[in-house]
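First the structure, in the form of structure tokens, and then the observations on it.
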Amino acid sequence: MGMTITEKILAKASGRRKVEPGENIWLNVDVLMTHDVCGPPTIEIWKREFGDKAKIWDKKKVVIFPDHYIFTKNLQANRNVNILREFAAEYDLPNYYDVGTERYKGVCHIALAEEGYNLPGTVLFGTDSHTCTSGAFGMFSTGVGNTDAAFILGTGKIWEKVPESMKFIFEGQLPDYLTAKDLILQVLGDITTEGGTYRALEFDGEAIFSMEMDERMTLTNMAIEAGAMNGIIKADKLTEKYVRERTNAPYEIFESDPDANYREIFRYDVSKIEPLVAKPHSPDNRDTVRNVQGTKLTKCYIGSCTGGKLRDFINAAKIIFGHQVKVPTFIVPASTYVAHQLEVETINGITLKEIFEKAGCVIAQSSCAACLGGPSDTVGRATDGEVIISTTNRNFPGRMGSKKSEVYLASPFTVAASAVTGVITDPREFL
């Protein structure tokens, strides 16, 4: 019996020729990432457990991005960033990207890709559930708790169980009104938020490999919404081009064997999928946009590691171009690079930034912002009674702020169309 791509990467990282689902193995970690929410407790545990002479296993392999609660006057949030800053200075960490400096990058998951940390065939752990985003690069990438992260920080190793794999094959040419967000909402509606628990979700098929990296990252990003350990897409020439433009670091490409064993295989004809939403209050509460069309909105939000990439804003701008938004609409670039590109990329000779500004959108600084609520002064945060449509990844009660708000998840096309009309709107009316 052959191995899946996930099993092959874990075999390499454990120094073994073969691994099977259910086996427990020691993994050698290539990169550990943390941020301002989980970084401080990770550091505290590491210092406590490893003692006064605690050493970081490899300073070059530790990457720290303040990104979650940063543009706020909240004193606790500010203190968290100060802890990271002091830690990076004390241990002379080369990969600390401080807010308020030219090194600041924005949301960790997008910055990992942009800064060349995502390498095919490697193993990346992060103190954030959406660390699975990096799996779009043909690597194993998953989130861990602060205690596990502290152990990695001191040893470079972690004890893990090999996950079973599930495969999702998207066949056919992607219609111009569909995005990766619609595809992952289709999957979540089919298998639910528990259907991938501690499994590897592998995405395959013509429609997947026709997507650019921005879109592939949306699929793997939301693998965690099914409870999955990781999402993964085989690296191809497009992946290699993206990686080589950013780093000369070595990597290895793995792919699943033809006789690899999967718990389940799902096949989709993308021509039969419609624009979708996740209704409140769960990412698997799937429905077609058509069925909820006309729902009145108080706010639209385009941003986050899931929906704040350059392709997301190009898609949104195609619809918003030449219109005025009917409800407050927030544009939150996931990274400072993306924010810069809003001033460079054009549609009909007009920059994306101008398109959004002329339409009456609010353009915020690059960060996680209201995707996970945050302090009361967080831009775009949900207040009591609000009905929001968003490109983010979660819509549990209180996720974007008030527990008395409702959040619909959708593609940038759908959110943009809804911003123009003030009610949930099928993007095919504009495309």
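Quick note: residue numbers are just sequence positions, from 1. Remember, it's a predicted structure, so these values are computed and weren't measured experimentally.
- At most 12 non-hydrogen atoms from other residues, nucleotides or ligands lie less than 6.0 angstrom from OH of Tyr337.
- Proximity of Phe140 to Phe125: side-chain heavy atoms (C-beta onward) are separated by under 4.5 Å at one or more points.
- Under the 3.5 Å distance criterion, with hydrogens and angles disregarded, a donor-acceptor pair is assigned to the side chains of Glu225 and His130.
- Donor-acceptor pairing under 3.5 Å is lacking for the side chains of Ser405 and Glu386.
- Looking at Ser367 and Tyr69, their side chains never bring a donor and an acceptor atom within 3.5 Å of each other.
- Each of Asp58, Val62, Ile56 was evaluated against Lys60; a single residue qualifies, Asp58, per the side-chain contact (heavy atoms from CB on, under 4.5 Å) test.
- Aromatic pair Tyr104/Tyr97: ring centres not closer than 6.0 Å.
- Thr133 and Arg216 are not linked by any side-chain donor-acceptor pair at a separation below 3.5 angstrom, with hydrogens and angles left out of the test.
- Glu215 has no carboxylate O lying under 4.0 Å from a charged side-chain N of Lys309, or vice versa, which leaves the two without a salt bridge.
- Atom NZ of Lys59 has more than 12 heavy atoms from other residues, nucleotides or ligands within 6.0 Å.
- The aromatic rings of Phe87 and Trp46 lie perpendicular to each other, with more than 60° between the two planes, well past the 30° mark.
- Salt-bridge formation is detected for the pair Arg286/Asp190: a Lys NZ or Arg NE/NH1/NH2 atom is positioned less than 4.0 Å from an Asp or Glu carboxylate oxygen.
- More than 12 heavy atoms of other residues, nucleotides or ligands shown are found within 6.0 angstrom of CZ on Arg103.
- Of the candidates Asp36, Val99, Ile64, Asn80, Val99 is the only one forming a side-chain contact (heavy atoms from CB on, under 4.5 Å) with Arg85.
- Between Thr101 and Asp98, the side chains place no donor N or O within less than 3.5 Å of an acceptor N or O (distance only, hydrogens not considered).
- Between Ser141 and Asn230, the side chains place no donor N or O within less than 3.5 Å of an acceptor N or O (distance only, hydrogens not considered).
- Side-chain contact check for Thr392 and Ser304: no donor-acceptor pair (N or O, by modelled atom type) lies under 3.5 Å.
- Using modelled atom types, one finds no donor on one side chain facing an acceptor on the other under 3.5 Å when comparing Asn221 with Thr218.
- A donor-acceptor pair shorter than 3.5 Å can be found between the side chains of Ser335 and Glu114.
- For Asp257 and Lys8, the salt-bridge test passes: some basic side-chain N is under 4.0 Å from an acidic carboxylate O.
- Around atom NZ of Lys18, more than 12 heavy atoms belonging to other residues, nucleotides or ligands sit under 6.0 Å away.
- By the 6.0 Å and 45° rule, Lys353 does not stack over the aromatic ring of Phe313.
- Residue-environment remark: CD (Glu102) stays at or below the threshold of 12 foreign heavy atoms within 6.0 Å.
- Donor-acceptor pairing under 3.5 Å is lacking for the side chains of Asp67 and His109.
- For the residue pair Glu274 / Tyr177, no side-chain donor-acceptor distance below 3.5 Å is found, with atom types taken as modelled.
- Residues Cys371 and Met400 fail the side-chain proximity criterion, which asks for heavy atoms closer than 4.5 Å.
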